[in-house]
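These figures come from a predicted structure and were not determined experimentally. Every heavy atom of this structure was used, including side-chain atoms; hydrogens, water molecules and symmetry mates were not. Numbered from 1 within each chain, the chains take letters A, B, ... in sequence-line order.
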Amino acid sequence: MIETRLESHLKNSFLALLQDLGHAEFPELSFQKTRKEFDGELTLVTFPLTKLFGKGPEQVGELLGEAILAKDKSIDSFNVIKGFLNIKMKNSFWAEELNFMVNTENFGHGSPNSLPLMMVEYSSPNTNKPLHLGHLRNNFLGWSIAEILKARGHKVKKVQIINDRGIHICKSMQAWLKDGKEQSPESMGVKGDKLVGYFYVQFDKAYKQEISELIAAGKSEDEAKEEAPSMIDARQLLLQWEAGEKEVQSLWAKMNSWVYDGFENTYTRMGVDFDKNYYESETYLLGRDMVMKGVKNGVFYQKEDGSVWVDLEPHGMDQKILLRSDGTAVYMTQDIGTAIMRFEENPGLASQIYTVGNEQDYHFKVLFLTLGILGYEWAKDCYHLSYGMVDLPTGKMKSREGTVVDADDLMEEMVKTAGVKTEELGKLEGMSEHERTDLFEMIGLGALKYFLLKVDPKKRMLFDPEESIDLQGNTAPFIQYSHARIKSILSRFEGKLGALKTDLNLHDSERNLILALSFFPQVIDEAANKYDPSSIANYTYDLVRTFNQLYQQVPILKESEDGLIQMRIHLIQTTAGVIERGMRLLGIQVPDRM
RNA sequence: GGCCCCGUAGUUCAAUGGAUAGAAUAGAAGUUUCCUAAACUUUAGAUCCAAGUUCGAUUCUUGGCGGGGCCA
């Protein structure tokens with residue numbers, strides 16, 4: 001756990017002080033940021049120390065305050081309010097702090113590749129449906145976590161598992177064979193994933209039609225579902241695929257490649273990437289072997305019908321199926337295979353993180369337990385990064401009811417809106433078409449990513465299309481705008497930037513900003529620990545507000561004293577760097593002008 | 001029926017067990033001869049209910065109520 005340099009400094013001072021006072025043992029010292037309505041930067045909570053001193057919290061505060069002030073020369077003053085000892089550092093301490101940040105390359109980041117390998121899985125789409133809003137949250141989240149882990153110093157592999165086999169693909173294939181044979185993404189001028197998705201919908205329509213006809217003809221609902229010709233065709237295709245029939249396999253490969261081209265296009269615009277793709281068609285057999293091995297080793301059991309089960313009752317859960325009676329794989333089977341493959345391929349893999357929605361909580365609990373039962377030590381290093389669903393104001397997103405928000409459409413919409421609003425403000429004089437396009441992309445996608453990432457991943461969230469294109473307040477454009485402001489000042493600065501003077505008088509807003517900056521390393525560390533990009537988002541937002549307050553209160557280039565100008569240039573340059581790196585961890589770019 | 005997650009201003013979100021529960025947005029009022037007003041300042045407004053643990057509970061425990069999910 002990383003702490004700020006200020007906290008380390010004061011902790012050491014207090015530890016030495018308590019020793020001086022003859023205390024060898026004492027409760028953990030509890031520090032917190034001083035609330036802004038009080039004077040000071042860091043606060044020691046004295047309640048836990050009252051027993052040690054046999055005095056009330058306020059007296060303990062006074063006593064320690066006097067003593068620490070005498071002992072630690074970098075402390076300027078202190079004040080005690082109830083059980084809180086607020087400590088204010090001298091200007092020289094903060095100037096030194098700024099100096100440290102200025103001279104630290106990539107301040108906030110750990111040294112690259114110094115920590116163990118982590119694997120982050122996200123996206124994991126089905127190949128029969130285009131990506132939608134839910135995938136956007138998933139992708140942004142997973143990608144961002146991977147970047148945050150990298151920033152802390154981990155080696156990271158980003159992966160996805162593509163659900164490329166099974167009955168759902170065969171449904172799209174069936175519909176294409178039936179009435180789409182001459183259609184391709186090129187001939188139709190549509191993205192491949194959209195075309196395949198279209199056929200999937202066509203299948204569903206025909207299937208439903210057949211069912212109602214069969215029911216009208218006197219069949220029961222279950223019978224109708226079994227006997228519908230479309231479904232019989234699709235099942236047949238699946239069997240042929242599993243038997244390795246050439247024509248079916250090549251159609252399958254062709255339609256999947258359409259989908260991958262479409263996805264690639266969407267991923268590129270989203271700004272996410274992968275180091276490796278896994279395909280279920282390549283892992284499900286391994287999973288099946290591993291399950292059968294478990295039967296042989298007696299950790300799983302087989303029922304009379306041939307199905308394989310794991311007994312999780314000792315873990316307070318029930319029996320769980322691992323292989324169907326006909327020997328076909330269930331999701332669990334493939335996931336077992338994939339996990340084993342990944343750990344075997346990557347010796348030294350410290351952790352495997354699955355970015356998957358919280359409706360799968362139970363599934364992953366079972367998966368990790370089952371891997372443990374199979375004897376894999378690393379099962380405990382698997383982590384399900386479970387995130388909440390994205391709701392629409394109209395209710396739940398359901399592809400069947402047509403209430404999905406398509407990822408491509410949404411991105412397009414956001415960028416368009418960003419363009420319109422930016423043009424309206426009329427600050428782009430002299431900017432080329434090309435630069436404008438880039439800028440609108442940056443703003444539109446930034447707003448979207450920020451909107452989805454600023455919320456605690458675990459929580460279910462509401463996506464209101466109206467509000468999400470808002471560009472004011474706690475949004476990416478607000479942060480991007482402030483960055484552009486800083487860059488604008490920096491570009492006007494004509495002097496030569498020298499070494500920082502440490503004997504300057506600091507304005508309150510300057511101290512606040514330096515204090516806020518000093519938290520950056522800790523924020524990254526915490527975000528990595530909790531797998532939570534929202535803490536980066538909230539931190540950056542706070543930082544930017546602090547900067548804006550300074551901007552409003554003190555002149556930078558118009559300041560008369562050269563030493564102060566220099567210091568402020570250093571300060572805002574450092575701020576711009578932290579904003580840029582913070583937003584980069586969310587996948588959001590910041591412009592120099594907007 | 002069993003298990004899991006969530007309940008904070010009108011709305012959308014914050015708050016390692018700590019101070020007078022922060023923001024944004026919507027509402028009311030102000031700031032532009034001055035480095036970008038997508039900004040800043042002021043104002044009003046909230047912890048679902050009830051017990052318990054604690055010096056101290058939005059946070060932990062138990063029981064309700066409400067919302068969502070998973071497993072049959």
Exercise. Between the side chains of A:Glu3 and A:Gln522, does any donor sit under 3.5 Å from an acceptor?
Worked result: no
For this session: Compare the minimum distances between each of B:A38, B:C40, B:C13 and the side chain of A:Pro477, then state the nucleotide with the smallest one.
Result: B:A38
For this session: Could you tell me whether the phosphate oxygens of B:A37, OP1 or OP2, come under 4.0 Å of any side-chain nitrogen or oxygen in A:Tyr551?
Result: yes
Exercise. From B:C35, B:G69, B:G7, pick the nucleotide closest to the side chain of A:Arg492?
Worked result: B:C35
Problem set entry | Same-atom distance (P) from B:A37 to B:U41, integer angstrom | 14 Å
Exercise. Between B:C4, B:G18, B:G68, which one does the side chain of A:Asp361 approach most closely?
Worked result: B:C4
Exercise. Is the gap between the ring centers of A:Phe463 and A:Phe451 under 6.0 Å?
Worked result: yes
Exercise. From B:C40, B:C70, B:A37, pick the nucleotide closest to the side chain of A:Tyr362?
Worked result: B:C70
For this session: Could you provide the dot-bracket string of RNA chain B, using ( ) for intrastrand pairs, [ ] for crossing pairs and | for bases paired to another strand, with Watson-Crick or G-U pairs below 3.5 Å?
Result: (((((((..((((....[...)))).(((((.......)))))....(((((..]....)))))))))))).
Exercise. Taking the six-membered ring for Trp, are the ring centroids of A:His384 and A:Phe368 within less than 6.0 Å of each other?
Worked result: no
Problem set entry | Side chain of A:Arg35 (C-beta onward), nearest among B:G18, B:A14, B:G22 | B:G22
For this session: Looking only at side-chain atoms of A:Arg593, point me to the closest of B:U16, B:U25, B:U36.
Result: B:U36
Problem set entry | Proximal nucleotide (of B:A38, B:C4, B:G18) relative to the A:Lys365 side chain | B:C4
Problem set entry | Aromatic centroids of A:Tyr539 and A:Phe519 separated by under 6.0 Å | no
Exercise. B:G52 and B:A39: how far apart are their P atoms, nearest whole angstrom?
Worked result: 47 Å
Exercise. Is a donor-acceptor contact shorter than 3.5 angstrom present between the side chain of A:Thr43 and the base of B:A19?
Worked result: yes
Exercise. Taking the same atom, C1', in B:C49 and in B:A57, what whole-Å distance lies between them?
Worked result: 16 Å
For this session: Would you mind classifying the nucleic acid contact of A:Asn529 as base, sugar-phosphate or nothing, using non-hydrogen atoms under 4.0 angstrom?
Result: nothing
Exercise. For A:Tyr481 and B:A38, is the shortest distance between a side-chain N/O and OP1 or OP2 below 4.0 Å?
Worked result: yes
For this session: Compare side-chain N and O positions of A:Gln549 against OP1 and OP2 of B:U41 and report whether any pair is under 4.0 Å apart.
Result: yes
Problem set entry | B:A15 and B:U31, which share atom name C1', separated by this distance in whole Å | 31 Å
Exercise. Ring-on-base stacking between A:Phe38 and B:A19, under 5.5 Å between centres and under 30° between planes: is it there?
Worked result: yes
Problem set entry | Distance, P atom - from B:G30 to B:G69, rounded to whole angstrom | 47 Å
Exercise. Expressed in whole Å, how much space separates the P atoms belonging to B:G45 and B:A9?
Worked result: 15 Å
Exercise. Between B:A38, B:A14, B:U20, which one does the side chain of A:Lys427 approach most closely?
Worked result: B:A38
Problem set entry | A:Arg152 side chain to A:Asn529 side chain, donor-acceptor N/O pair below 3.5 angstrom | yes
For this session: Mind jotting down which residue pairs meet the salt bridge (Lys or Arg N to Asp or Glu O under 4.0 Å) criterion with at least one end in residues 547-562 of chain A? Sequence neighbours excluded, please.
Result: A:Glu559-A:Arg568
For this session: Choose from B:C71, B:A14, B:C40 the nucleotide whose nearest atom is closest to any side-chain atom of A:Asn548.
Result: B:C40
